Chemist: 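One structure, pasted below without further comment.
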Amino acid sequence: MRIATWNVNSVRARLPRFLPWLREAAPDVVCLQETKCRDSEFPREEIEDLGYAVEAYGQKTYNGVAILSRLPIEDVVRGLPGDGDDDERRVIGATVSGCMILCLYVVNGRAVGTERYEHKLEWLDRVRDLVQESYPMEERVILCGDFNITFDDRDVWDPERWRERILCSTPERAALARLTDCGLSDALRKFTDETGIYTWWDYRTRGFGRNQGLRIDHFLMSPPALEACVGVEVDLAARGGEKPSDHAPVIATLQD
DNA sequence: ATGGTCGCGGAGCGA
């Protein structure tokens, strides 16, 4: 099974890039973040025409997640436990081919020390609680998405510039560690310990051309999923060209 | 340059 995660920064604005990519890359499962539209406005037919079932959980203007699958999909869950209808839509989960998948768009947090930053840390602990409660590490469990956190300085193009800033601060990394402490591993690090592998580049600084990026989109896997995982790749071509998202897709391949 | 550029929605906010 090949599974992709991609923060598309509006699924409707990205459609001229997304549909050709989906046709070419053709992953079995695609987890999307920042779809930025209501479920009724999701470009469902165009994606179904390529052979994918569409499960969306979106809202107007902000946030929004979705799971697309060309394999049978079951047990779809929307939101975190306790979320109401007016809460930000950042989580969708499903089971595909025996893999329990959780697609996350983690709170950005704006800047260290702000109210949104504190909310980010609390929100991550709610995800941790959900994983502890409902995702047995004996199963194939895959958390993926835009975590808006770097694991360490290997994930940062200029660690000194980013020191203790948003996406890189110690409390954020500690909150991410509390999640992985449930028994999950950063799947990319099964294959390489190199620096310079990034998934997001700021539009404003035009950082992509100079590879001034951060690795904030991740696959976290339980031991059985990690064992089956034979590769994690960042699709840099999808970040180039006309009207790209500010994130690149990341694709994981699992055997069996 | 505590800047810039996107997307949404039609001004200013979030990222």
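We name chains A, B, ... by the order of the sequence lines, and we start the count at 1 in each one. Keep in mind that what you see is a predicted model, and the values were worked out from it rather than measured.
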Chemist: Go through the side-chain N and O atoms of A:Asn108 and A:Lys120 and say whether any donor and acceptor fall under 3.5 Å apart.
Modeler: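 Side-chain D/A pair, A:Asn108 to A:Lys120: absent.
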Chemist: With A:Asp83, which of A:Arg89, A:Arg78, A:Arg126 fulfils salt bridge (Lys or Arg N to Asp or Glu O under 4.0 Å)?
Modeler: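 For A:Asp83, the salt bridge (Lys or Arg N to Asp or Glu O under 4.0 Å) test succeeds with only one of A:Arg89, A:Arg78, A:Arg126, which is A:Arg126.
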Chemist: Could you verify whether a donor N or O on one side chain and an acceptor N or O on the other, from A:Tyr117 and A:Ser169, lie under 3.5 Å apart?
Modeler: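 On atom types as modelled, these side chains qualify, holding a pair under 3.5 Å.
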Chemist: For the pair made of CD1 in A:Ile216 and C1' in B:dA15, what is the distance, rounded to whole Å?
Modeler: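 A:Ile216 atom CD1 is separated from B:dA15 atom C1' by 10 Å.
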Chemist: Nearest whole angstrom, please: distance from the C1' of B:dA15 to the CZ of A:Phe147.
Modeler: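 In whole Å, B:dA15 C1' and A:Phe147 CZ are 18 Å from each other.
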Chemist: For the P atoms, the ones on B:dA15 and on B:dT2, what distance do you get once it is rounded to whole angstrom?
Modeler: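 After rounding to an integer number of Å, I get 22 Å for this pair.
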Chemist: For A:Asn63 and B:dG14, what is the distance between atoms CG and P respectively, to the nearest whole Å?
Modeler: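 Nearest whole value for this atom pair: 11 Å.
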Chemist: A:Trp200 and A:Asn7: side-chain donor and acceptor closer than 3.5 Å?
Modeler: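 Not at all, the side chains of A:Trp200 and A:Asn7 share no donor-acceptor pair under 3.5 Å.
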Chemist: Using the C1' atom as the point on both nucleotides, what is the distance between B:dA11 and B:dC6, in whole Å?
Modeler: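 Per the computed distance, 16 Å lies between those C1' atoms.
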Chemist: Under 4.0 Å, heavy atoms only, any strand: does A:Tyr105 hit a base, just the sugar-phosphate, or nothing?
Modeler: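 Sugar-phosphate only.
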Chemist: Would you give a per-nucleotide map of nucleotides 1-13 of chain B, 5' to 3', where B means the base has a protein non-hydrogen atom under 4.0 Å away, S means only the sugar-phosphate does, and - means neither?
Modeler: ---BBSSSS----
Chemist: Distance between the P atoms of B:dG14 and B:dA1, in whole angstroms?
Modeler: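 These two P atoms come out 27 Å apart once rounded.
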Chemist: Scan side-chain atoms only and decide if A:Thr150 and A:Arg173 contain a donor-acceptor pair under the 3.5 Å cut-off.
Modeler: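 Looking only at side-chain atoms, A:Arg173 and A:Thr150 do form a donor-acceptor pair, the distance falling under 3.5 Å.
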Chemist: Scan side-chain atoms only and decide if A:Asn9 and A:Ser245 contain a donor-acceptor pair under the 3.5 Å cut-off.
Modeler: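 Checked: A:Asn9/A:Ser245 side chains show no N/O donor-acceptor pair below 3.5 Å.
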